[in-house]
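Taking it in order: structure first as structure tokens, then the write-up.
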Amino acid sequence: MQILSRTEVLSGIAAMVVLELYHLKWIWLSEWNCRRCSKKNLECACGGRWIRYL
């Protein structure tokens with residue numbers, strides 16, 4: 001049985017948090033509509049195009 005160190009556990013938790021943030025960003029881009037043009041945020045060209053690349 002192998003026990004993980006605190007550093008390994010912390011890096012695993014940090015990786016899962018980052019993955020979940022990207023997942024929530026994808027949901028926001030693909031499912032929510034733009035307030036100005038009513039298209040999906042992923043298809044919208046109203047501005048905020050830079051948000052897709054963050």
Side-chain angles (χ1 to χ4, degrees):
M1 184 165 134
Q2 186 177 9
I3 298 175
L4 299 174
S5 69
R6 286 185 179 184
T7 306
E8 292 171 331
V9 171
L10 183 61
S11 64
I13 291 170
M16 287 186 278
V17 167
V18 168
L19 183 65
E20 184 59 28
L21 288 174
Y22 274 104
H23 177 241
L24 291 173
K25 179 184 149 193
W26 175 253
I27 290 171
W28 178 75
L29 283 172
S30 64
E31 299 298 324
W32 289 23
N33 295 331
C34 176
R35 292 179 184 168
R36 292 185 214 158
C37 66
S38 298
K39 289 184 179 179
K40 299 290 182 189
N41 286 324
L42 191 59
E43 301 165 352
C44 175
C46 292
R49 176 178 262 180
W50 56 272
I51 290 178
R52 285 188 246 169
Y53 300 110
L54 290 179

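Computed from heavy atoms alone, side chains included, the values below leave out hydrogens, waters and symmetry copies.
Judged by distance alone, the side chain of Lys40 and the main-chain N or O of Glu31 form a donor-acceptor pair under 3.5 Å.
Using a 4.5 Å cut-off between side-chain heavy atoms of Ile, Leu, Val, Met, Phe, Trp and Tyr, with links allowed through other members, Ile27 and Tyr22 fall into different hydrophobic clusters. Residues Ile13 and Leu4 share a hydrophobic cluster, clusters being chains of Ile/Leu/Val/Met/Phe/Trp/Tyr side chains in contact below 4.5 Å.
The CG atom of Leu24 lies 11.0 Å from the CG atom of Leu29; values are rounded to the nearest 0.5 Å.
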